[in-house]
Amino acid sequence: MRQRRKHNLDAELERCKRFLLEPAPASSENALIAVTEKAYIDGAEIFKNDKQISLEIGCGKGAFAVEFCRRNPDRNLIAVERNAKIVVSALITADAANPDNLMILHSPCEVLPRYFRPGSIREIFLNFSTPLPNSPCTRQRLTHPRFLQIYNEMLMPGGRIYFKTDSGDFFAYSLEQMKDFGFEIVRSETDLYKSDLIADNIQTEYERRFVNMGLPIYMIIAQKKV
Ligand SMILES: C[S@@+](CC[C@H](N)C(=O)[O-])C[C@H]1O[C@@H](n2cnc3c(N)ncnc32)[C@H](O)[C@@H]1O
């Protein structure tokens with residue numbers, strides 16, 4: 001039974017693997033070493049065009065990614081996810097929608113400077129990143145200054161971070177960190193669904209759950225200074 005399940009999963013992966021980015025493996029699992037040895041992704045080679053690249057970090061099962069690609073044929077999106085099982089779900093979502101401007105990268109956020117040249121990314125989407133409320137985990141939050149440093153380096157001048165969360169505490173923390181780091185805060189909303197930004201909103205899997213529970217959605221748009 002287990003053998004058949006594995007066989008089915010392998011067949012599924014084979015069918016979807018055209019959406020999986022497979023950059024050169026690092027010589028070590030140590031993130032610091034992996035980042036030092038660069039293996040820059042060549043967007044023009046992968047997408048066969050020179051459109052700008054956007055990143056979604058922590059893409060989950062890929063609903064936002066495929067809808068973003070459908071609405072924005074003028075951009076390429078690389079959706080990043082660190083959990084291998086969830087990457088498989090995102091690949092299956094991509095396969096069903098079959099966009100030509102989406103690729104999925106199995107990587108922790110920490111290692112992204114290995115793959116992306118400084119100043120090469122147009123925008124970064126952080127959709128419902130885990131809020132990690134307890135202080136020992138603060139360093140793991142995707143808006144901790146060590147991650148803002150990575151985003152700042154990868155973004156082109158004027159490039160933006162789009163951040164959404166259901167957590168008021170995580171929103172307040174992230175707003176403070178982005179301001180302190182030197183990002184310009186273009187917008188900050190404590191109830192996205194009552195703001196004009198809702199017109200262009202793409203609902204994610206987690207977002208749908210929170211909205212159905214009646215929770216407000218917080219949003220920040222922050223810009224790297226030119
Ligand atoms: C709460 S889920 C949100 C999923 C999706 N963005 C959504 O809104 O439905 C957070 C996702 O981020 C991923 N994640 C957390 N930390 C990460 C990291 N350091 N690098 C890459 N992905 C990460 C998790 O594996 C998980 O799939």
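Each ligand, and each atom within it, is numbered from 1 in the order the structure gives.
The hydrophobic clustering, which links ILVMFWY residues whose side-chain heavy atoms are closer than 4.5 Å, places Ile185 and Phe125 apart.
Counting the atoms of ligand 1 from 1 in the order shown, those under 4.0 Å from a heavy atom of Leu142 are 19 (N). Interface atoms of ligand 1 facing Glu205, defined by a heavy-atom separation under 4.0 Å, are 9 (O). Remark: ligand 1 atoms within the under-4.0 Å shell around heavy atoms of Asn127 are 3 (C), 5 (C), 6 (N), 8 (O). The Ile86 neighbourhood of ligand 1 comprises atoms 27 (O), with distances under 4.0 Å to a heavy atom of that residue.
From the protein, the heavy atom lying nearest to atom 9 (O) of ligand 1 is Tyr206 N, 2.9 Å. In terms of protein heavy-atom proximity, atom 20 (N) of ligand 1 is closest to Cys109 N, 2.9 Å. With respect to atom 22 (N) of ligand 1, the closest heavy atom belonging to the protein is Arg82 N, 3.4 Å. The shortest contact between atom 8 (O) of ligand 1 and any protein heavy atom is with Thr204 OG1, 2.7 Å. Of the protein's non-hydrogen atoms, Phe128 O, 3.8 Å is the one closest to atom 10 (C) of ligand 1. In this structure, atom 12 (O) of ligand 1 lies nearest to the protein heavy atom Gly58 CA, 3.3 Å.
Ion pair Asp74/Arg122 not flagged as a salt bridge, since none of the NZ, NE, NH1 or NH2 atoms sits closer than 4.0 Å to an Asp/Glu carboxylate oxygen. Salt bridge Arg208/Glu205: absent, no basic N to carboxylate O contact under 4.0 Å. Ionic pairing of Glu110 and Arg146 is present here: one or more N-O contacts between side-chain nitrogen and carboxylate oxygen are shorter than 4.0 angstrom.
Phe163 and Phe170 have perpendicular rings, their planes meeting at more than 60° on a 0 to 90° scale where under 30° would count as parallel.
Residue Ser107 places a heavy atom under 4.0 Å from ligand 1. Contact between Glu81 and ligand 1 is present, with at least one heavy atom of the residue lying under 4.0 Å from the ligand.
At distances below 3.5 Å, not a single donor-acceptor pair connects side-chain atoms of Glu67 with backbone N or O atoms of Ile202.
With a heavy-atom cut-off of 4.0 Å, Glu110 touches ligand 1 through its side chain alone.
A donor-acceptor pair shorter than 3.5 Å can be found between the side chains of Glu56 and Asn127.
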Run the side-chain hydrogen bond (donor to acceptor under 3.5 Å, both in side chains) check on Arg75 and Gln52 step by step: do they pass?
CA-CA 6 Å; Arg75 271 172 263 172; Gln52 291 181 340; over 6 Å; no
